[in-house]
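Each remark here refers to the structure printed beneath this line.
Counting starts at 1 for both ligands and their atoms, in listed order. Position 1 is the first residue of the sequence; numbering continues from there.
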Amino acid sequence: MRVLSGIQPTGNLHLGNYLGAIRNWVRMQDEMDADSQCFFFLADMHSITVHEGREQRIRNVRDMAAALVAAGIDPDRSVLFNQARVPAHAELCWLLNGTARIGWLNRMTQFKDKAGKDREGASVGLFVYPVLQAADILIYNATHVPVGEDQKQHLELCRDIATKFNTDFGVELFTLPAPIIPRESARIMSLRDGTAKMSKSDPSDMSRINLTDDDDAIMTKVKKAKTDPEPLPETAEGLAGRPEAGNLVGILATLTGRTTDEVCAEFAGKGFGAFKPALGEVLVETLRPIRERFMELRTEDAALDAILDKGAAKAAAAAEPTLRAAYDAMGLMR
Ligand code: TYM
């Protein structure tokens, strides 16, 4: 089993990233046996699709490394690195650009969402972004990719690229990866709008809970979260058509390891005035230790760079045979 996943180091880790992906990364790392390996990386080469100054980009990579370690990624057991330190990702991406089809990329909903109305003005990088993502996965022959629901389409594209490359060149080089998507928290929604996903790019900070938020900020955001005037239903079925209520119940269920039915049973008939403080309390207790570790770690730049250097050396060694075989399959002499 080879587990691999990535996160863009833009802005801060938020609750959606944590519950949708990072918690699963940590669980898979902790349950790993001797034959398995975990690769987790900061997708800084992907983040060039958002303009950022040099100093800020350097800070973002270190901060996200600190956040992942604070959340439980152990750089001695998992390979933790940033993409820019492992050029094999960009090299394989270029080779796969010969395989990926424009029609496939045109169907990517994330490109459509991020490009918005001005498609002509979007960067080429934003368009080919999913090909780099496919390279990230295929270069390690990853078997399992823990991600949130929004990455499912990119994973399907990755499988299509792998299949076409293997067929076109008559090789069995690339392994088809399986997405690992959590059942309850695959899509954590904005606290201001239950139909939009929680995201770093939402202009309203009240829409998300950041790893850097202190206890008071978390409580305030939960108390101000949009809800509806109805009391909580007896079962999860009663949450249908109530996106904000469903989101908050789902978050509490995930954090406490219960089903949404069980959470509904506890709060049935009560209003959000009773529910929100309970949710806020659990969030505060869950995030406080991670935040405290993060605040300490983020000041240790040299230690963070050393972790990323060590991870990159291991990743580069693991990537090399696949990259060499891809060049060879295509008849490109290195
Ligand atoms: P990114 O940086 O947007 O998000 C990192 C992870 O967090 C998950 N996530 C969510 N899950 C549930 N609810 C939400 N509101 C929410 N918001 C984010 C994402 O699904 C993701 O798992 N393209 C990727 C990074 C990437 C990657 C890869 C992932 C690059 N190469 C290879 C896997 C394999 C991205 O932008 O994630």
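Every atom of ligand 1 is numbered from 1 in the order shown, and the set under 4.0 Å from a heavy atom of Lys200 is 2 (O). Those atoms of ligand 1 that come under 4.0 Å of a heavy atom in Gly20, given as number and element, are 11 (N), 12 (C). Each of the following atoms of ligand 1 lies closer than 4.0 Å to a heavy atom of His46: 30 (C), 31 (N). Close approach of ligand 1 to Val145 (heavy-atom distance below 4.0 Å) involves ligand atoms 33 (C), 34 (C). For ligand 1, the atoms lying closer than 4.0 Å to a non-hydrogen atom of His14 are 17 (N).
Between Gly6, Pro179, Ser5, it is Gly6 that holds the heavy atom closest to atom 25 (C) of ligand 1. When the options Leu13, Asp150, Asp44 are ranked by their closest heavy atom to atom 19 (C) of ligand 1, first place goes to Asp150. Comparing heavy-atom distances from atom 14 (C) of ligand 1 across Ala43, Gly16, Ser201 singles out Gly16 as nearest. Comparing Ala196, Ala21, Cys158 against atom 6 (C) of ligand 1, the shortest heavy-atom distance belongs to Ala21.
Ranking the protein heavy atoms by distance from atom 37 (O) of ligand 1 puts Gln151 NE2, 3.9 Å first. Looking only at protein heavy atoms, the nearest one to atom 7 (O) of ligand 1 is Asn17 ND2, 3.1 Å. Regarding atom 31 (N) of ligand 1, its nearest protein heavy-atom neighbour is Asp136 OD2, 2.6 Å. Looking only at heavy atoms of the protein, atom 13 (N) of ligand 1 is closest to Ile188 N, 2.8 Å.
Contact check on Lys226 versus Glu244 returns a salt bridge, with a Lys/Arg side-chain nitrogen under 4.0 Å from an Asp/Glu carboxylate oxygen. A salt bridge between Lys223 and Asp216 is absent, with no side-chain N of the basic residue lying under 4.0 Å from a carboxylate O of the acidic one.
Here the closest non-hydrogen pair linking Met64 and Asn12 is CE-C, 4.3 Å. Heavy-atom minimum distance, Arg208 versus Lys221: O-NZ, 2.9 Å.
For Ala186, every heavy-atom contact with ligand 1 shorter than 4.0 Å involves the backbone, none the side chain. With a heavy-atom cut-off of 4.0 Å, Thr10 does not touch ligand 1 at all.
By the 3.5 Å distance cut-off applied to N or O atoms, Gln8 is counted among the residues near ligand 1. Between Gln110 and ligand 1, no N or O atom pair is found at a separation short of 3.5 Å. Backbone and side-chain nitrogen or oxygen atoms of Ile137 are examined, and none is located within less than 3.5 angstrom of a nitrogen or oxygen of ligand 1. Among the atoms of His154, none of the N or O lies under 3.5 angstrom from an N or O of ligand 1. By the 3.5 Å distance cut-off applied to N or O atoms, Val147 is not counted among the residues near ligand 1. At under 3.5 Å, a nitrogen or oxygen of Tyr129, whether backbone or side chain, sits near a nitrogen or oxygen of ligand 1. Among the atoms of Glu149, none of the N or O lies under 3.5 angstrom from an N or O of ligand 1. Residue Gln133 places at least one N or O, backbone or side chain, under 3.5 Å from an N or O of ligand 1.
For the atom pair Leu126 CG and His46 NE2, the distance stands at 10.0 Å (nearest 0.5 Å). If you take CE on Met108 and CZ on Phe127, they are separated by 9.5 Å, rounding to the nearest 0.5 Å.
With hydrogens and angles disregarded, a donor-acceptor distance shorter than 3.5 Å links the side chain of Asp44 to the backbone of Ala84.
In this pair, Tyr129 and His154 present their aromatic rings tilted. The plane angle is within the 30 to 60° band. Taking the six-membered ring where the residue is Trp, Phe165 and Phe169 present tilted rings, their angle falling between 30° and 60°.
Between Pro9 and Asp63 the shortest side-chain heavy-atom distance does not fall below 4.5 Å. When side chains are defined from C-beta on, Ile180 does not count as touching Val145, because their heavy atoms never get closer than 4.5 Å. Tyr18 has its side chain out of reach of Ile188: every pair of non-hydrogen atoms, C-beta onward, lies at least 4.5 Å apart.
Note on ligand 1: Met189 sits outside its first shell, no heavy atom being nearer than 4.0 Å.
Under the 4.5 Å side-chain heavy-atom criterion for Ile, Leu, Val, Met, Phe, Trp and Tyr, Trp25 and Phe39 are members of distinct hydrophobic clusters. The cluster map of Ile, Leu, Val, Met, Phe, Trp and Tyr, joined by side-chain heavy atoms under 4.5 Å apart, puts Leu13 and Val222 in the same cluster.
Per-atom contact check: atom 3 (O) of ligand 1 does not touch the protein, criterion being a heavy-atom distance below 4.0 Å.
Residue Lys152 places its NZ atom among 12 or fewer non-hydrogen atoms of other residues, nucleotides or ligands, all under 6.0 Å distant.
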